[in-house]
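Below you'll find the structure, written out as structure tokens, and then a few comments.
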Amino acid sequence: MVQLLLYISMGWILGQATGFRAPQPYRLDGSVVPYHYDLFLEVNLDPTGLHDEKDYFKFRGYVKIKMACKETTNKIVLHARNLTIFQSYVRLNELSSSGLESNRIMISDHSHNLEYEQLIVETESELAAGKNYSYKLPFFGKLRKDRMGLYRAFYRDSNNVTRPLAVTQFEPTYARRAFPCFDEPHMKATFTLTIQHCSKYTALSNMPLVDQVPVRGKVDWVRDRFAESLPMSTYLVAFVVSDFAHDEIVRSKSGVEIRVWARPNHVERNLTKFASNYAPKVLDYFEKYFDMKYPLPKLDMVAIPPRYFPVGGMENWGLVTFSESSFLLEESATKVWRVASIITHEIAHQWVGNLVTMKWWSDLWLNEGLASYFHIFATDAMNPEWNVQMQSQIEDLTTTWQKPGPVRASVSRPEDFIGLFGPERYKKGMFMIRMIGHFLGMEILRAGLMHYMKRHQYGNVVQDDLWTALTEVAHENGVLDPKTSVKTIMDPWTTQTGYPVLDVKKNSNGTLTLSQRMFDPKCVPSKTTAKNGSTYWPIPITYTTGKIADFSNTKPGQWLTGEQNPMISDIKVAARDWIVFNLQVAALYKVNYYEENWELLKGALETRETREKIHPLNREQIYRDALDFGWSQELDYKLVFSLCASLRHETDYLPLSGALASLRQLDLVLRRSPNHAYFKNYLQKLMNPIVKESGSLAETPIEARTIEKQSLMAEVATHFKIGNYERQALYLFANWSSSLTPDSVIPIPRNVLRQVCCIALKKRGAEVWDFLWKRYRNSVSAPFKSIILSSLTCSNKVGDLEQYLEWVYNRTSEVRPTESLTLFEAVADNEVGFDVAKDFFMKRVSDIFAYHGAKKSEMGRYVEILADQMVTTAEYDEMKAFIEKYDGFFKFSVPAVERALDKIDTNIGWHSVHCGKLVEYLAPALQSL
């Protein structure tokens with residue numbers, strides 16, 4: 001627990017909050033609300049010019065908050081954490097009608113609710129409703145080490161000298177760690193920031209610099225004053241103090257000044273050039289799309305060393321921060337669209353999230369779902385050659401199907417913030433917006449969003465505000481039944497857990513009967529609670545047949561609404577003609593067909609002419625759904641594996657990627673079974689023709705989707721030892737390792753670099769390990785270092801993997817905590833690495849918990865990674881007992897832990913039913929390969 005120290009006359013402790021006050025509501029009561037902050041901060045990054053070197057890596061300052069009293073009260077409640085407040089200098093004054101301070105209000109008590117991180121101010125006289133007040137608090141704090149609030153970071157320059165910087169990360173509730181404030185998103189206010197710092201550094205904030213003056217009595221110190229901001233939430237306030245350089249200043253068409261900041265040597269190497277060129281185009285795009293100008297005069301974008309930045313990007317208004325690994329782009333990079341998408345996502349937030357902000361964190365998806373939609377839709381519109389919509393959708397679908405939680409979050413307690421920023425808010429939220437675009441039409445969606453943005457600019461919203469705006473525009477344009485609202489359609493999709501299945505049955509007269517239910521992957525009765533059988537979704541019905549094969553019309557002709565419309569029975573299909581529902585996977589539901597149709601689809605996928613009539617997204621869904629229904633015992637695995645045999649003819653990345661993601665699930669649960677070799681043989685034969693046609697590893701394709709396919713096939717070939725990739729990889733690696741300049745010239749395309757290194761490491765062991773380790777140490781490129789780190793997890797030496805994990809979780813390793821999870825998963829995925837990863841986690845659980853920091857949800861993710869390969873009752877019992885023994889480490893990741901135990905339970909059921917029959921299941925498919 002955090003304690004607030006109350007000082008008098010800069011002297012000794014007056015008192016300590018005990019936390020045993022009457023319970024306070026977690027939400028602020030709104031009786032007093034801020035409308036302006038004057039914030040002064042002195043940030044000390046080194047001892048130069050300080051009166052006391054003990055102030056190194058500390059900050060001090062004051063905040064003067066102008067507040068409006070909405071209800072008569074004798075109490076002000078706001079937020080503060082880990083700050084020392086100097087009580088003798090605190091002032092509370094009434095403000096006159098002209099805004100000048102007048103009557104002083106005496107304070108009777110300051111206290112701190114430690115659980116709710118609230119600073120509680122009690123006054124001797126009441127604050128009157130309708131009047132304004134000014135509250136000034138001097139405070140002091142340390143630059144944090146945990147990347148939350150105002151924290152310190154470091155980088156090494158070109159001379160290997162360590163340089164410090166100060167960075168902020170205030171989302172969701174970390175502004176209170178930098179200055180006392182009303183730290184809730186609906187309490188928007190304007191801000192005037194002043195930052196005092198050593199003159200060798202540059203300070204940046206949300207708004208442009210107004211003036212800079214020397215600080216009296218402090219040699220080489222300056223005071224920077226920034227322009228007053230627009231009304232914004234506290235989580236969007238930001239500042240950076242560093243010795244970074246910026247690329248050439250560029251401007252958007254409307255005159256917005258854009259600067260891209262990074263380490264000086266990164267700017268010199270032109271790693272910022274892509275962002276400098278791309279950002280103005282994105283601003284121009286959104287100004288046109290929303291018909292609303294970007295409201296600030298400037299946009300700064302800053303690349304933070306990845307170890308010190310916990311996310312890909314943060315949308316602070318006018319000062320966007322990024323991880324170097326997500327933002328900087330080298331000339332040799334092949335996945336340009338990924339960097340472009342991240343930049344687009346954060347710039348989209350300047351409108352959706354910053355200009356219009358959710359009222360409370362329960363509706364975070366209104367920020368993140370919309371920004372995720374636009375980072376795909378806008379990137380695709382600006383760069384159609386990248387095919388980003390199709391590219392991203394498969395990856396996002398894979399994640400979304402695995403995370404069935406509701407889009408709209410329940411956030412009522414502090415611990416609910418843990419895990420809030422999950423795929424349900426981003427990816428599933430994005431699919432909600434995409435689904436609306438399909439059933440209303442993209443132009444109506446755009447008009448509805450423009451209406452929503454203009455109505456609520458500078459304000460706060462709840463989910464119903466979006467539904468209302470879309471409904472009004474849809475009704476005006478006659479595309480939605482006047483008796484129907486978007487809310488009626490979409491609320492079940494955003495508030496319910498799980499996904500529906502559309503069951504398609506064929507009647508004797510040739511008509512089809514459609515019904516719905518919730519998808520449940522369980523194979524046998526579960527130890528966990530059964531799913532709610534009364535859950536329904538309004539399902540948009542779209543379909544086409546083999547004779548028509550028109551996948552373009554994604555507007556539904558009918559809706560299957562559940563209780564009011566439990567079945568549809570008026571669709572007819574001709575004999576021996578296939579039918580496909582959910583065109584372009586416009587909505588998040590699975591489709592289980594009658595057996596004859598599965599057989600017809602299997603035949604259609606076998607030949608190029610008929611296969612290419614089916615949209616790639618629907619081909620992907622056919623494969624994925626068949627595998628899912630095989631898993632849940634709703635479809636005969638003989639049919640499933642025979643249908644999947646047609647993958648050997650597939651030329652498109654999208655169906656291949658989705659199908660392989662589902663086949664990987666089977667690979668994981670079979671890893672330690674005697675039948676794994678049989679399944680591996682099936683995959684080798686299945687993938688061999690595609691791998692052969694994927695070309696040389698030395699040649700990088702031009703089209704984005706072909707690049708992704710080459711990377712995927714290289715991964716498959718590496719894992720299952722297919723084709724001549726091993727010979728190619730060893731040749732390429734030998735050229736690199738024998739080079740006189742291996743750190744500056746890398747003769748391997750970046751999109752297959754990991755796979756080449758993996759093959760070399762498995763074949764040549766210690767020699768390659770040492771070479772790669774040296775390249776990692778010598779490099780300053782975050783993306784390159786990430787590739788090398790990932791390739792080291794491919795070692796087939798247990799001792800190497802054990803030492804590797806020990807190094808990753810050492811705080812001197814410079815590996816960011818978010819990346820450590822990815823590397824842990826890669827070790828667990830290694831065929832000799834599962835036991836290494838499991839033993840490491842169970843023996844070092846307390847260290848891993850401390851490594852990530854308290855109140856973090858990552859611990860549950862470790863359990864999920866291990867659960868993917870656990871298939872026995874003994875393993876279930878072992879993991880359950882382990883979690884109960886160390887329950888304190890998992891209390892902030894309960895949903896993930898529950899999913900993991902559920903997954904093990906499901907794996908046990910699958911093994912008991914299917915594992916012994918695998919040879920029988922695969923025999924027909926193997927005969928056709």
Side-chain angles (χ1 to χ4, degrees), residues 1-8 13-34 37 62-63 65 67 69-92 105-127 133 135-142 144 146 148-150 170-187 189 233-235 237 359-362 410-418 420 853-856 888 891-892:
M1 285 291 184
V2 179
Q3 292 181 328
L4 172 66
L5 305 183
L6 304 176
Y7 286 81
I8 268 193
I13 300 175
L14 172 68
Q16 285 185 208
T18 63
F20 294 107
R21 301 179 56 81
Q24 299 289 324
Y26 184 60
R27 298 288 304 277
L28 303 180
D29 64 13
S31 58
V32 178
V33 297
Y37 292 79
Y62 67 82
V63 63
I65 310 174
M67 309 169 295
C69 185
K70 301 296 184 181
E71 298 176 5
T72 299
T73 182
N74 68 341
K75 186 182 292 184
I76 301 171
V77 182
L78 66 161
H79 294 106
R81 178 177 174 180
N82 297 119
L83 297 172
T84 300
I85 309 293
F86 297 102
Q87 189 186 24
S88 61
Y89 293 96
V90 172
R91 292 288 184 274
L92 177 61
I105 310 297
M106 301 308 294
I107 296 171
S108 60
D109 187 33
H110 274 94
S111 59
H112 194 197
N113 184 308
L114 303 178
E115 180 182 1
Y116 295 156
E117 301 175 356
Q118 291 175 346
L119 174 63
I120 303 159
V121 183
E122 297 180 45
T123 59
E124 293 182 2
S125 58
E126 288 187 329
L127 308 183
Y133 297 86
Y135 180 39
K136 182 177 179 180
L137 301 90
F139 57 90
F140 169 84
K142 296 180 180 179
R144 301 177 64 84
D146 59 7
M148 294 183 288
L150 174 55
F170 289 164
E171 189 179 29
T173 58
Y174 306 143
R176 65 191 69 175
R177 304 183 185 207
F179 61 98
C181 57
F182 293 81
D183 202 11
E184 293 191 1
H186 68 101
M187 292 192 173
S233 305
T234 48
Y235 80 88
V237 176
K359 198 167 282 186
W360 181 240
W361 297 102
S362 299
S410 173
V411 184
S412 58
R413 303 166 300 164
E415 53 265 37
D416 290 336
F417 286 103
I418 310 304
L420 177 64
K855 295 187 178 181
K856 290 292 185 73
K891 64 181 179 180
F892 296 108

side-chain hydrogen bond (donor to acceptor under 3.5 Å, both in side chains) partners of Glu184, counting only residues at least two apart: Arg27, His186

Smallest separation among heavy atoms of Leu137 and Phe139, with atom names: O-CD2, 3.5 Å

Residue pair Lys359 / Pro185: nearest heavy atoms and the distance that separates them: O-CG, 3.6 Å

Thr234 side chain near Met187 side chain, heavy-atom distance below 4.5 Å: no

side-chain contact (heavy atoms from CB on, under 4.5 Å) partners for Ser108, two or more places apart: Glu122, Glu124

side-chain contact (heavy atoms from CB on, under 4.5 Å) involving Thr72 - partner list, sequence neighbours excluded: Glu126, Ala129

Pairing residues for Phe182 by the ring pair (Phe, Tyr, Trp, His ring centres under 6.0 Å) criterion, not counting sequence neighbours: none

Under the salt bridge (charged side-chain N to carboxylate O under 4.0 Å, His left out) test, residues paired with Arg176 that sit two or more places apart: Glu117, Asp183

Side chains of Leu92 and Met67 in contact at under 4.5 Å (non-hydrogen atoms): yes

Test ring pair (Phe, Tyr, Trp, His ring centres under 6.0 Å) applied to Tyr62 - qualifying residues, sequence neighbours left out: Phe40

Any side-chain heavy-atom pair of Tyr174 and Asp146 under 4.5 Å: no

Residue of the set Leu127, Ile65, Ile76 for which side-chain contact (heavy atoms from CB on, under 4.5 Å) holds with Tyr133: Leu127

CZ-CD1 distance between Arg91 and Ile105, expressed to the nearest 0.5 angstrom: 13.0 Å

Within-4.5 Å side-chain heavy-atom neighbours: Pro138 and Val90: yes

Pairing residues for Ser31 by the side-chain hydrogen bond (donor to acceptor under 3.5 Å, both in side chains) criterion, not counting sequence neighbours: Asp29

Residues that Tyr37 engages under side-chain hydrogen bond (donor to acceptor under 3.5 Å, both in side chains), provided they are two or more places apart: none

Under 3.5 Å donor-acceptor, Ser233 side chain and Tyr235 backbone: no

Interatomic distance, Gln87 atom CD to Ile107 atom CD1 [nearest 0.5 angstrom]: 7.5 Å

Any side-chain heavy-atom pair of Val63 and Cys181 under 4.5 Å: no

